[in-house]
Structures are given as C-alpha cells and as structure tokens.
Amino acid sequence: MATHEDIITAKLFMNAAFPVLQVLMDEDPKLHGRKFDHTIQFGAKNGAELLCCHLIFRDGHVDVVQGPAEKPDVTMTFSSVEKMNGLLKGTGMYVPAIKGNIIAGFQFLLNYLMGLKIMTNEPKNDLEKYLKVKCSLYMICRAMSTYNKLGDPDFSEFCQRQPDRIYQFRVEEGDDPAKIACYLRVCRGKSKSGHGVYTKRSPFVLFRFTSVDGALKVLNKEEEFVAAAEKGFVETVGSPEYACYLNDYMAVIQAMVT
C-alpha cells in the first residue's frame with residue numbers, strides 16, 4: 001500500500017501538473033497543432049483500489065477529470081503509486097501496463113507526459129525558460145489550492161484563518177509587466193487558483209519577479225528567496241509575514257513533485 005505522502009504526491013500531479021499540459025499544447029511548437037484526439041486513463045494500483053484520472057484530448061484542448069473514464073481509448077496503469085510517482089518525478093523509468101490503442105499510449109508518454117519534464121529539466125533556450133517558469137508557477141498555484149482541499153492540517157489552518165485574500169504571482173519581461181501571471185485566492189478555508197492578473201481587488205501579497213531569468217533562479221533554488229529579493233530578482237509587495245508563510249508552503253509542495 002502507498003504511503004500517505006505518496007497518495008498526496010500523486011493527487012498533486014493529477015490535479016495540478018496534468019492541467020499544465022494545456023500551456024504546452026498552446027505554446028510549445030513541438031506540441032502545438034498536433035492532432036491527438038483520445039481519452040487517456042492514467043493511474044496506479046493501490047492494493048485493491050485504483051488511483052487514477054483521465055485526460056480528454058479534443059481539438060487542441062485537454063480536460064483533466066479525476067477518476068476512471070467510462071470508455072477510454074487507452075488505459076495506462078502502474079503496479080504501484082510509488083512507481084507512477086517515480087516516473088512523473090523523473091526518479092525512475094517505470095513503464096505502465098498499456099491497454100487499448102498502444103500507439104496512442106506511447107505517443108502520450110513520449111510527447112505529452114515527457115513534455116512536463118520541462119518543469120524539471122534545464123532549459124536550452126529562451127522559449128524553454130519562459131515555458132518552464134509559466135508551467136511551474138501555474139502548477140504551484142494549482143497545487144497549493146489542491147493541497148488545501150486534500151486537508152493538509154497546517155496549510156488548511158493557514159487558509160482557514162484568512163478572509164478573502166489574493167496572492168498574486170507576476171513575472172515581468174521587457175515592457176510587459178505581466179508576461180506570466182497567476183494567483184491563489186483564499187477565503188475562510190476555501191481556495192482557488194487562476195491564470196492572469198486578478199482585477200477585482202488588490203493583492204494581499206504580490207510576488208513580483210523582475211524577469212524570466214530571475215524567476216528561474218528562484219524556482220531552480222539557485223538563490224534562496226531572501227537572497228533573491230536582495231539581488232532584485234523578486235520583490236514582495238504586501239504582508240511580509242504571510243509572504244514568508246506562503247513561500248514556505250510552496251517549497252514543501254515543490255519538493256513533493258520534483
């Protein structure tokens with residue numbers, strides 16, 4: 001049986017990392033415009049249970065739905081949650097059992113699932129830097145909301161004691177003050193992530209990265225957050241106390257999925 005942490009990690013991947021595939025399908029030339037219309041069920045056995053989600057690819061869009069699909073074109077099932085997490089984190093080359101359209105299954109593994117490696121691999125050019133930062137921040141915001149909904153005691157308490165607040169992440173590049181933007185909204189224990197700049201109220205905390213390269217240094221942990229702020233790579237506007245709290249939780253979640 002999987003450990004509690006393995007289960008949480010798997011659910012973070014399924015709820016937060018897989019939806020980021022849409023960014024790659026929209027903006028990565030390797031995936032943009034590819035015709036891939038299939039429903040892929042992806043999961044792992046956990047004793048007698050199956051922990052899974054399914055991804056519905058249609059007309060350049062992907063919808064990620066938790067739980068099994070009624071009629072998947074492909075099912076990809078790992079023998080354990082630990083092995084599934086190992087492949088997703090890049091700590092092991094575990095191969096799932098594939099049923100259905102085998103060719104579509106391997107295409108998904110090689111192109112789409114491996115495309116998510118951009119969040120852990122070293123980028124080779126400016127486009128990959130941009131995609132890594134965008135995918136990583138989108139994933140982290142979704143993962144924090146998921147982490148709260150999964151009932152982590154510390155983070156749930158952090159969310160519970162707050163009125164309606166916005167934690168905004170913004171990456172500048174050139175003349176564009178919001179080249180990449182996403183946010184986490186927290187309100188009395190409930191949470192929701194979103195893309196873009198939240199416009200209905202000012203952020204309680206704004207994490208402002210002064211460039212894509214600066215954001216990369218923080219995300220890659222080349223610079224500790226305080227040192228990065230001192231060097232001008234990132235600025236926090238708003239409550240410094242809550243900025244530190246959220247940064248600590250971000251580090252915990254990032255360690256679980258990378």
A.B. asks: Between F57 and L109, is there shared hydrophobic-cluster membership here, with clusters defined by ILVMFWY side-chain heavy atoms closer than 4.5 Å?
C.D. replies: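 Linked, F57 and L109 end up in one cluster.
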
A.B. asks: On a heavy-atom basis, which atom in L206 and which in P203 lie closest, and how many Å separate them?
C.D. replies: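 Heavy-atom minimum between the residues: CB-CG, 4.0 Å.
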
A.B. asks: Nearest heavy-atom pair of L50 and A44: which atoms, and what distance?
C.D. replies: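 Residues L50 and A44, closest heavy atoms: CD1-O, 3.4 Å.
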
A.B. asks: Would you indicate whether K30, at its atom NZ, is surrounded by more than 12 heavy atoms from other residues, nucleotides or ligands within a distance under 6.0 Å?
C.D. replies: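 Not buried by this count: 12 neighbours or fewer within 6.0 Å.
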
A.B. asks: Ignoring hydrogens, what is the shortest heavy-atom contact between L12 and A143? Give both atom names and the distance.
C.D. replies: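 Taking every non-hydrogen atom into account, CD2-O, 3.6 Å.
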
A.B. asks: Restricting to side-chain contact (heavy atoms from CB on, under 4.5 Å), what partner residues turn up for Q160, sequence neighbours left out?
C.D. replies: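 Expected list: none.
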
A.B. asks: Taking NZ in K190 as the centre, count heavy atoms belonging to other residues, nucleotides or ligands within less than 6.0 Å. Is the count above 12?
C.D. replies: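 No, because the 6.0 Å sphere around NZ of K190 holds 12 heavy atoms or fewer from other groups.
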
A.B. asks: Taking all heavy atoms of A228 and all of V218, pick out the closest pair and write down the distance.
C.D. replies: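 Result for this residue pair: CB-CG2, 3.6 Å.
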
A.B. asks: Extract all donor-acceptor atom pairs below 3.5 Å that involve side chains of residues 84-97 and protein atoms in other chains or at least two apart in sequence.
C.D. replies:
{"residue": "N85", "atom": "ND2", "partner": "D6", "partner atom": "O", "Å": "3.0"}
{"residue": "K89", "atom": "NZ", "partner": "M256", "partner atom": "O", "Å": "3.3"}
{"residue": "T91", "atom": "OG1", "partner": "G86", "partner atom": "O", "Å": "3.3"}

A.B. asks: Check the pair Y147 / I8 against side chain to side chain contact (heavy atoms under 4.5 Å, CB included), numbers first and verdict last.
C.D. replies: CA-CA 8 Å; Y147 200 50; I8 296 298; 4.0 Å; yes

A.B. asks: Might you work through the side chain to side chain contact (heavy atoms under 4.5 Å, CB included) test for F155 and M144, ending with a clear yes or no?
C.D. replies: CA-CA 9 Å; F155 193 59; M144 284 192 291; 4.1 Å; yes

A.B. asks: Sorted by first residue and then second, give each ring pair (Phe, Tyr, Trp, His ring centres under 6.0 Å) pair with at least one member in residues 1-20; sequence neighbours left out.
C.D. replies: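 Every pair satisfying ring pair (Phe, Tyr, Trp, His ring centres under 6.0 Å) with a residue in residues 1-20: F18-F42.
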
A.B. asks: Under 4.0 Å between a side-chain nitrogen and a carboxylate oxygen: does that hold for K124 and E122?
C.D. replies: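 Answer for the salt bridge query: no.
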
A.B. asks: Within the distance-only criterion (no hydrogens, no angle test), does the side chain of Q162 pair as donor or acceptor with the backbone N or O of R188 below 3.5 angstrom?
C.D. replies: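 Not a single qualifying donor-acceptor pair exists.
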
A.B. asks: L31 and M119: same hydrophobic cluster, using ILVMFWY side-chain contacts below 4.5 Å?
C.D. replies: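 Result: yes, single cluster for both.
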
A.B. asks: Spell out, as yes or no, whether a donor-acceptor pair under 3.5 Å connects the side chain of S193 to the backbone of S145.
C.D. replies: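 It does not hold such a pair.
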
A.B. asks: Testing K179, K129, K231 for salt bridge (Lys or Arg N to Asp or Glu O under 4.0 Å) with D213, which one passes?
C.D. replies: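 That would be K129; it is the only one of K179, K129, K231 passing the salt bridge (Lys or Arg N to Asp or Glu O under 4.0 Å) with D213.
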
A.B. asks: Can you give me the closest heavy-atom contact between Y183 and H195, atom names plus distance?
C.D. replies: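 Closest pair (atom of Y183, atom of H195, distance): CE2-O, 3.8 Å.
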
A.B. asks: Please say yes or no: joined through hydrophobic side-chain contacts below 4.5 Å, possibly via intermediate residues, are I56 and V23 part of one cluster?
C.D. replies: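 Shared cluster, no.
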
A.B. asks: Is the closest side-chain heavy-atom distance between L127 and L131 below 4.5 Å?
C.D. replies: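 Yes - at least one pair of side-chain heavy atoms lies under 4.5 Å apart.
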
A.B. asks: Not counting sequence neighbours, list each pair that qualifies as a side-chain hydrogen bond (donor to acceptor under 3.5 Å, both in side chains) and has a residue in residues 13-27.
C.D. replies: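 Pairs touching residues 13-27 that pass the test: Q22-D26, E27-Y130, E27-K134.
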
A.B. asks: Following the transitive rule for hydrophobic clusters with a side-chain heavy-atom cut-off under 4.5 Å over Ile, Leu, Val, Met, Phe, Trp and Tyr, establish whether I166 and V197 coincide in one cluster.
C.D. replies: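 Hydrophobic grouping puts I166 apart from V197.
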
A.B. asks: Listing request: all salt bridge (charged side-chain N to carboxylate O under 4.0 Å, His left out) pairs with a residue in residues 148-162, at least two apart in sequence or in separate chains.
C.D. replies: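 Matches after skipping sequence neighbours: E157-R161.
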
A.B. asks: Under the criterion side chain to side chain contact (heavy atoms under 4.5 Å, CB included), I'd like the reasoning laid out for Q107 against F36: C-alpha separation, chi angles, the key distance, then a yes or no.
C.D. replies: CA-CA 9 Å; Q107 186 179 355; F36 188 82; 3.5 Å; yes

A.B. asks: Can you list the residues that meet the side chain to side chain donor-acceptor pair (under 3.5 Å) rule with K132, with sequence neighbours excluded?
C.D. replies: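 Partners of K132 under the side chain to side chain donor-acceptor pair (under 3.5 Å) test: N220.
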
A.B. asks: With a 4.5 Å limit on heavy-atom distance, are the side chains of L246 and V205 in contact?
C.D. replies: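 Counting from C-beta outward, L246 and V205 never come under 4.5 Å.
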
A.B. asks: Run the side chain to side chain donor-acceptor pair (under 3.5 Å) test against R185 and tell me which residues pass, sequence neighbours left out.
C.D. replies: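 R185 satisfies side chain to side chain donor-acceptor pair (under 3.5 Å) with D164, Y198 once adjacent residues are dropped.
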
A.B. asks: If you look only at distance, which donor and acceptor atoms sit under 3.5 Å apart when one is on a side chain in residues 233-240 and the other is two or more places apart or in another chain?
C.D. replies:
{"residue": "E235", "atom": "OE1", "partner": "R208", "partner atom": "NH1", "Å": "2.6"}
{"residue": "S239", "atom": "OG", "partner": "Y242", "partner atom": "N", "Å": "3.2"}

A.B. asks: Is any side-chain heavy atom of F169 closer than 4.5 Å to a side-chain heavy atom of M250?
C.D. replies: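 Yes. Closest side-chain heavy atoms under 4.5 Å.
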
A.B. asks: Please round to the nearest 0.5 Å and tell me the distance separating atom CG of L113 and atom CG of L55.
C.D. replies: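 Interatomic distance, L113 CG to L55 CG, rounded to 0.5 Å: 9.0 Å.
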
A.B. asks: Heavy atoms only: give me the nearest E172-P177 pair and the separation to one decimal.
C.D. replies: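 Looks like CG-O, 3.5 Å.
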
A.B. asks: For the CD1 atom on I103, are there more than 12 heavy atoms of other groups (residues, nucleotides or ligands in this structure) within a distance under 6.0 Å?
C.D. replies: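 Counting other residues, nucleotides and ligands, CD1 of I103 stays at 12 neighbours or fewer.
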
A.B. asks: Any donor and acceptor pair, going by atom type alone, linking the side chain of S156 with main-chain N or O of P153 inside 3.5 Å?
C.D. replies: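 Looks like no, no N/O pair under 3.5 Å.
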
A.B. asks: Hey, could you give me each pair passing side-chain hydrogen bond (donor to acceptor under 3.5 Å, both in side chains) that has a residue in residues 46-57? Not counting sequence neighbours.
C.D. replies: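 Listed by first then second residue: nothing to list.
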
A.B. asks: Who passes side chain to side chain donor-acceptor pair (under 3.5 Å) against Y138, sequence neighbours left out?
C.D. replies: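 With sequence neighbours excluded, Y138 shows a side chain to side chain donor-acceptor pair (under 3.5 Å) to no residue whatsoever.
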
A.B. asks: Are M114 and K117 side-chain neighbours, meaning at least one heavy-atom pair lies under 4.5 Å?
C.D. replies: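 With C-beta onward as the side chain, the pair touches.
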
A.B. asks: Please enumerate all residues that pass side chain to side chain donor-acceptor pair (under 3.5 Å) together with E82, with sequence neighbours excluded.
C.D. replies: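 Listed in chain order: nothing, the list is empty.
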
A.B. asks: To the nearest 0.5 Å, how far apart are CZ in R165 and OG in S202?
C.D. replies: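 Taking CZ in R165 and OG in S202, the distance rounds to 14.0 Å.
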
A.B. asks: Could you check whether any side-chain heavy atom of I118 comes within less than 4.5 Å of a side-chain heavy atom of L24, counting everything from C-beta outward?
C.D. replies: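 Yes; the side chains approach each other to less than 4.5 Å.
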
A.B. asks: For residues 59-78, which side-chain N or O atoms pair as donor and acceptor with protein atoms under 3.5 Å away, sequence neighbours left out?
C.D. replies:
{"residue": "Q66", "atom": "NE2", "partner": "M14", "partner atom": "O", "Å": "3.2"}
{"residue": "D73", "atom": "OD2", "partner": "T39", "partner atom": "N", "Å": "2.7"}

A.B. asks: Taking N148 for the side chain and G189 for the main chain, is one N or O donor matched with an acceptor at less than 3.5 Å?
C.D. replies: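 Checked: pair present.
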
A.B. asks: Got M25 and Y112 here, is their nearest side-chain heavy-atom distance under 4.5 Å?
C.D. replies: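 Touching, per the 4.5 Å side-chain cut-off.
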
A.B. asks: Determine, stepwise, if the pair S79 / K45 fulfils side chain to side chain contact (heavy atoms under 4.5 Å, CB included).
C.D. replies: CA-CA 5 Å; S79 59; K45 295 179 181 178; 5.6 Å; no

